[in-house]
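Residue numbering restarts at 1 for every chain, and letters A, B, ... go by the order of the sequence lines. These numbers come from the heavy atoms of this one structure, side chains and all, not from hydrogens, waters or symmetry mates.
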Amino acid sequence: MTVETNLPVDREYIRSFSAEKGEGQWLADLRLAALEKAEELPLPKADKTKITNWNFTQFPSHTVTSEPFSSLEELPEEVKTLINMEEANKTLYIQRNQTPAFLSISEELAGQGVIFTDIATAVREHSDLVQKYFMTSAVQPDEHKLTALHAALMNGGAFLYVPKNVEVKEPIQAVYLQDNSEAALFNHVLVVADDNSAVTYVENYVSTVAAESGVVNIVAEVVAGTNAKVVYGAVDNLASGTTTYVNRRGVTGRDARIEWALGMMNDGDTVSENVTNLIGDGSFADTKQVVVGRGSQSQNFTTKVVHFGKHTEGYILKHGVMKDAAKSIFNGIGKIEHGASKSNAEQESRVLMLSEKARGDANPILLIDEDDVTAGHAASVGRVDPLQLYYLMSRGISRHEAERLIIHGFLAPVVEKMPIEGVKQQLTRVIERKVR
Amino acid sequence: MTASTLTIKDLHVSIDGKEILKGVNLEIKGGEFHAIMGPNGTGKSTLSAAIMGHPKYEVTQGSIELDGENVLDMEVDERARAGLFLAMQYPSEISGVTNADFLRSAINSRREEGDEISLMKFIREMDAKMDLLEMDQDMAQRYLNEGFSGGEKKRNEILQLTMIKPKIAILDEIDSGLDIDALKVVAKGINEMRSEDFGCLMITHYQRLLNYITPDVVHVMMQGRVVKSGGAELAQRLEAEGYDWIKQELGIEDETVSQ
């Protein structure tokens, strides 16, 4: 099988799309340059997964228009369960396919100068700020075909800016709803936490319709300034026909912290990169990730922390369960650059396979170019222990229920350590639905 | 509830192609406490594993019935729901699953959907049983057997027994590794179960357990068979004199299961 690699859009389309959005010339130029790159650059390297036949580029439409929601009551049930309907003063953005469909921001946050809006509005109203950070320090458009395509075709997303010294207490939430099977999504999330600020951002990708050949391409950039703290939670739950590329990447200033809480619950083929570049001395990264694979999906997860600054710490903890004929590769990379002395890189990946046809692989990699550091890794891949099943079943619990308990038990040590309460609860529900 | 009967006839069991049990016959009725004694390697634990349906043990001949139902046709969980319980010598550790969640699932597996035990009732009952067994309350929220000491695991098996209330229980070396205080506590839990509706088969090396739980019948196992049965006094004689007199009486040289 070969997949058409010609892109379904041309320069003229991009130019008019950008103009229609009222974007500045800088972004139109960036898009057009990226489009050219997209033609020639190769796909990213997803170690040990063959993605050359995956459909990242062919989709029915790049733009669809969806109705906004005039109140939260109109939301589909799948979305209602993701948000706290009781909380009146919440900060929440809901995007329906590519359309900004709902936005509220608490008065307190607005008063403190926090900016939270859809990416198109941000490009128009905060052009300088967006231009400064958009695909400049975390992700570059010309890394490979999919980042280039992303820059050229970006048609959704959100911008969050937290000014210096502002600590946001309540989590800020975004929900990206896919309810049109025609809609391709090139979603860009840009989170900038200025010096000494703190913020927690939680996002959900959720499909309510099955897509036959859905394409989702997500780039999220997190820029944490000096001594800033960003906690970034995500629960991805896209439907089985959707091929997803998702790249969540952070860069840290001195003494900054980025914590990731990622629930990778897509039902379709997925390539995920989660990278933190620890630039500033004394900065810190922590990734906690859980995965449930089912059906015949194939997934590739790379989690990477790169230490540039001295005294930096990076921690990766991933647990995945593979059911049915699902396949997953877990690549964990701790990289310590020359000069990043006194740094520490730790990682742990564990995969549990529930059926004969399920496949999982964990590849821990440490790349160290500095003597005065510490590092460690642990990885395991295994099947359900038949004696555990026997023990549970000997108490009357059915095989199915016993497996369910073992899956929850396998993921619980990661879920329980997730730094965001709301993400824990969502994950528990999604996992329950996927293993039922 | 009425008294149940577990009937084992001519049971032959192999593991990895090696025959361990070579024709065991036993009948345990509700209200009765049986003890199976015998030296190491005579097939005692194999019997308990075969009754419960351990995946590695293969029944090659004979039958096990509970109230006339063919146990060998049942999956492990069906055997449990039919009324069998095995307190295991080496219980599995299951990370991430709390003791309380596990026990509630076990109890609810015996109830219809929509008729699950209420959380309050469950907690009250579990608290009471944990008090009886002198267990720390925090053990309810610890992961199942993970990091439990040997004694804690045994108590936890008996906690499950008293919560699940089976018709027939097999206790596989529930006394091994327990100090005398812990043994008394475990025996208290088991004795609490005594009723006309509950039958029990205790597998042990030691007479000591039987000082606290008086058996109605004592069986001696050698060479994969029950070679002698008697009353409680048989256990006392074994404790005083060892097994040699039985071997002499029956002309057995090597009591273990030979090839």
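Of all the listed residues (A:Leu392, A:Val415, A:Ile406, A:Ile397), the one sharing the greatest number of non-hydrogen pairs under 4.5 Å with chain B is A:Ile397.
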Got a list of the donor-acceptor pairs under 3.5 angstrom between chain B and chain A?
from     : atom 1 : to       : atom 2 : distance (Å)
B:Arg81  : NH1    : A:Gly396 : O      : 2.8
B:Leu86  : O      : A:Arg395 : NH1    : 2.6
B:Leu86  : O      : A:Arg395 : NH2    : 3.1
B:Ser92  : OG     : A:Leu387 : O      : 3.3
B:Glu93  : O      : A:Gln388 : NE2    : 2.9
B:Ser109 : OG     : A:Gly396 : O      : 3.0
B:Arg110 : NH1    : A:Arg395 : O      : 2.6
B:Arg110 : NH2    : A:Arg395 : O      : 3.2
B:Tyr143 : OH     : A:Glu416 : OE1    : 2.7
B:Asn145 : ND2    : A:Tyr391 : OH     : 3.2
B:Glu157 : OE1    : A:Arg395 : NH2    : 2.6
B:Glu157 : OE2    : A:Tyr391 : OH     : 2.3
B:Glu157 : OE2    : A:Arg395 : NH2    : 3.4
B:Gln160 : OE1    : A:Arg395 : NE     : 2.5
B:Gln160 : OE1    : A:Arg395 : NH2    : 3.4
B:Gln160 : NE2    : A:Tyr391 : OH     : 3.1

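Proximity to chain A (any heavy atom under 4.5 Å) is shown, for B:Leu86, by both the backbone and the side chain. Heavy atoms closer than 4.5 Å to chain A are found nowhere in B:Leu103, neither backbone nor side chain.
B:Lys188 is linked by a salt bridge (Lys or Arg N to Asp or Glu O under 4.0 Å) to B:Glu134, counting only residues two or more places apart in sequence or in another chain.
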